[in-house]
Amino acid sequence: MRWVTVALVGAVLAGVAVGATGPSAGSAAFLSTRQSANGGFAEQGRTPDGPLTAWAALGLVAAGGFPAERASAAEFLRARSAADESDADLALRVVALAALGDTVEESLVARIRRHRPGELVNETVWTILALRAVGEQAPQPLVRAILAAQAKSGAFSWLRGGKPDSNDTAAAIQALRATGVAAKATSVRRAVNALRGFQNRDGGFALTKGRASDAQSTAWAIQALLSAGETPGKPPFRYLSRLRRSDGSYRYSARYGATPVWVTAQVVPALAGRPFPLR
C-alpha cells in the first residue's frame with residue numbers, strides 16, 4: 001500500500017488536489033493519502049474494504065477535485081462482489097458510484113429495487129438514498145415504512161423499536177427530503193426538533209443523549225439540518241474545528257482519535273455543505 005506520510009500532505013495540497021477548494025480541501029487531501037494502489041481506502045495498517053472506500057469516495061466528491069483518486073476508487077468499487085453485502089452496504093456503494101459519476105450496474109440497481117422494509121430501518125433509509133442517487137423515485141411503501149418507524153420524540157433509530165440516535169435521525173431526514181417530503185412537513189419538523197435535542201453545550205452533537213459530542217454525529221446533524229432548510233449555526237463547525245489535526249484529518253472526539261479515515265470521510269461532506277445523496 002502506498003501510504004503517504006504527513007510530511008507529504010503539503011505536496012498533496014499543492015498538486016494532487018486539483019479543483020478542491022474551501023475548508024474541506026485539506027481534509028480531502030488527507031483522505032487521498034490513505035488510498036492504496038488498487039484504489040481502495042483503509043485505515044493505516046489495514047486492508048482496503050468496500051464500505052470505507054465508499055465513504056472516502058463520497059468525501060472526495062463532496063470536496064471536489066482529485067479526479068485520478070476518484071476514478072481509481074470507482075474502479076475498486078465496481079470490482080466488488082455484491083454476494084455478501086448487506087442491503088445497507090450495497091446501497092452505500094451505489095450512492096458512492098453514482099456520486100462518482102460512474103454507471104451503476106443494472107444488477108445492483110435491481111437488487112436495490114427488491115429491498116423490502118424489515119427490522120432494520122437503516123437499510124430502508126439507505127435504499128431510498130441509493131434509488132434517488134441513480135435518479136429513481138423511492139416506492140411509497142419504503143417512505144411509509146420510514147415514517148412508521150419515527151418515534152414519539154420525532155427521532156429515529158437504527159433498529160425498529162430501538163433507542164433513537166442522532167445519526168439515524170439525520171439519515172432519515174435526508175432520505176425523506178430526497179424523496180420530496182417537504183421541509184415543512186410535520187414528520188421532518190419533528191425529526192429536526194428531535195435532532196437538535198442531541199446537541200451538547202460544546203456545540204457538537206452526540207450519538208445518543210447523555211454521551212459526549214463526536215465528529216461523525218456532528219457532521220450527520222449538519223447535513224440533515226441543511227437538507228431540511230435549517231441553518232446549523234456556527235457552534236457545530238467550531239466544535240469540528242477543535243477536532244481537526246494538522247494533517248487535515250479529524251479526531252472522533254476530544255477523547256478518542258481512532259479510525260481517522262472513516263471519521264474524516266464523514267466530516268468532509270458536512271464541511272462542504274453537501275447532504276446525501278450527493279447529486
Side-chain angles (χ1 to χ4, degrees), residues 20-31 55-56 58-64 122 125 129 151 153-158 163-178 183-184 188-278:
T21 59
S24 59
S27 297
F30 164 78
L31 291 177
W55 283 118
L58 288 169
L60 294 180
V61 170
N122 180 266
V125 165
L129 291 174
S153 65
F156 291 84
S157 63
W158 180 76
K163 183 178 181 180
D165 64 83
S166 63
N167 294 17
D168 287 291
T169 301
I173 290 171
Q174 291 172 81
L176 290 172
R177 291 290 293 129
K184 294 182 179 180
V188 175
R189 300 323 309 164
R190 290 179 60 225
V192 167
N193 290 337
L195 180 61
R196 289 194 180 277
F198 292 97
Q199 189 168 21
N200 288 323
R201 299 176 75 175
D202 59 9
F205 286 73
L207 175 61
T208 57
K209 292 182 179 179
R211 286 182 53 151
S213 300
D214 67 80
Q216 286 162 295
S217 296
T218 302
W220 275 105
I222 290 171
Q223 287 178 282
L225 292 172
L226 290 173
S227 74
E230 296 277 312
T231 301
K234 294 181 179 179
F237 293 99
R238 288 173 178 160
Y239 170 77
L240 288 176
S241 70
R242 294 195 291 273
L243 300 181
R244 184 182 172 96
R245 296 185 178 97
S246 60
D247 63 357
S249 68
Y250 281 80
R251 297 178 59 83
Y252 171 74
S253 66
R255 185 174 181 181
Y256 300 105
T259 61
V261 178
W262 185 32
V263 174
T264 305
Q266 292 197 343
V267 167
V268 171
L271 295 178
R274 302 278 305 276
F276 292 133
L278 303 184

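For this chain, numbers begin at 1 and follow the sequence in order.
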F276-W220 aromatic ring centre distance below 6.0 Å: yes

For W158, does its backbone N or O pair with a side-chain atom of D168 as donor and acceptor, under 3.5 Å? yes

Please examine the side chains of L225 and L195, heavy atoms only from C-beta on, and report whether any two atoms are closer than 4.5 Å. yes

Minimum side-chain heavy-atom gap R245-P260 below 4.5 Å: yes

Test item: S166 side-chain N/O and A206 main-chain N/O as donor-acceptor pair under 3.5 Å: yes

Determine whether the side chains of N167 and S217 contain a donor N or O and an acceptor N or O closer than 3.5 Å. yes

Main chain of Y250, side chain of T264: is a donor-acceptor contact present, judged purely on distance under 3.5 Å? yes

When you measure from the side chain of R251 to the backbone N and O of R255, does any donor-acceptor pair fall under 3.5 Å? yes

Heavy-atom closest contact (L58 atom, L278 atom, distance): O-CD1, 3.3 Å

Here the gap from R211 atom CZ to D165 atom CG, rounded to the nearest 0.5 Å, amounts to 9.5 Å

Any donor and acceptor pair, going by atom type alone, linking the side chain of Y239 with main-chain N or O of D214 inside 3.5 Å? yes

Heavy-atom side-chain proximity of P235 to Q199 below 4.5 angstrom: yes

Indicate the atoms forming the closest heavy-atom contact of L60 with A28, along with that distance. CD2-O, 3.5 Å

Do the side-chain N and O atoms of S213 and N200 include a donor-acceptor pair separated by under 3.5 angstrom? yes

Using atom types as modelled and distance alone, determine if a side-chain donor or acceptor of R190 lies under 3.5 Å from a backbone N or O of A151. yes

Quick check: does any side chain N or O of Q174 sit under 3.5 Å from a backbone N or O of A170, one acting as donor and the other as acceptor? yes

Mind checking the CG-OG spacing from L207 to S253? Nearest 0.5 Å is all I need. 11.5 Å

Is it the case that the side chains of R244 and S27 hold a donor-acceptor pair, with the cut-off being a distance below 3.5 Å and no angle test? yes

Is T169 reaching over with its side chain to a backbone N or O of F156, donor-acceptor style, under 3.5 angstrom? yes

Hey, mind stepping through E230 and R189 against side-chain contact (heavy atoms from CB on, under 4.5 Å) and telling me if it holds? CA-CA 10 Å; E230 296 277 312; R189 300 323 309 164; 2.4 Å; yes

Are the side chains of R177 and S227 in contact, using a 4.5 Å heavy-atom criterion? yes

Heavy atoms of A215 and L243 approach each other most closely as CB-CD1, 3.7 Å

The test is side-chain contact (heavy atoms from CB on, under 4.5 Å); show your working for S249 and V263 and say whether it passes. CA-CA 8 Å; S249 68; V263 174; over 6 Å; no

When rounded to the nearest 0.5 angstrom, what distance separates CZ in F198 from OG1 in T208? 7.5 Å

Using a 4.5 Å cut-off on heavy atoms from C-beta on, say whether the side chain of Q216 contacts that of W262. yes

Could you pull out the closest heavy-atom pair between S24 and A272, with the gap in Å? OG-CB, 4.1 Å

Do V267 and T218 make a side-chain contact, defined as non-hydrogen atoms from C-beta onward lying under 4.5 Å apart? no

Quick check: closest heavy atoms across A171 and V125, and the distance to 0.1 Å? O-CG1, 3.5 Å

To check you understand the geometry: which heavy-atom pair defines the closest contact between S153 and P164, and what is its length? OG-CG, 4.4 Å

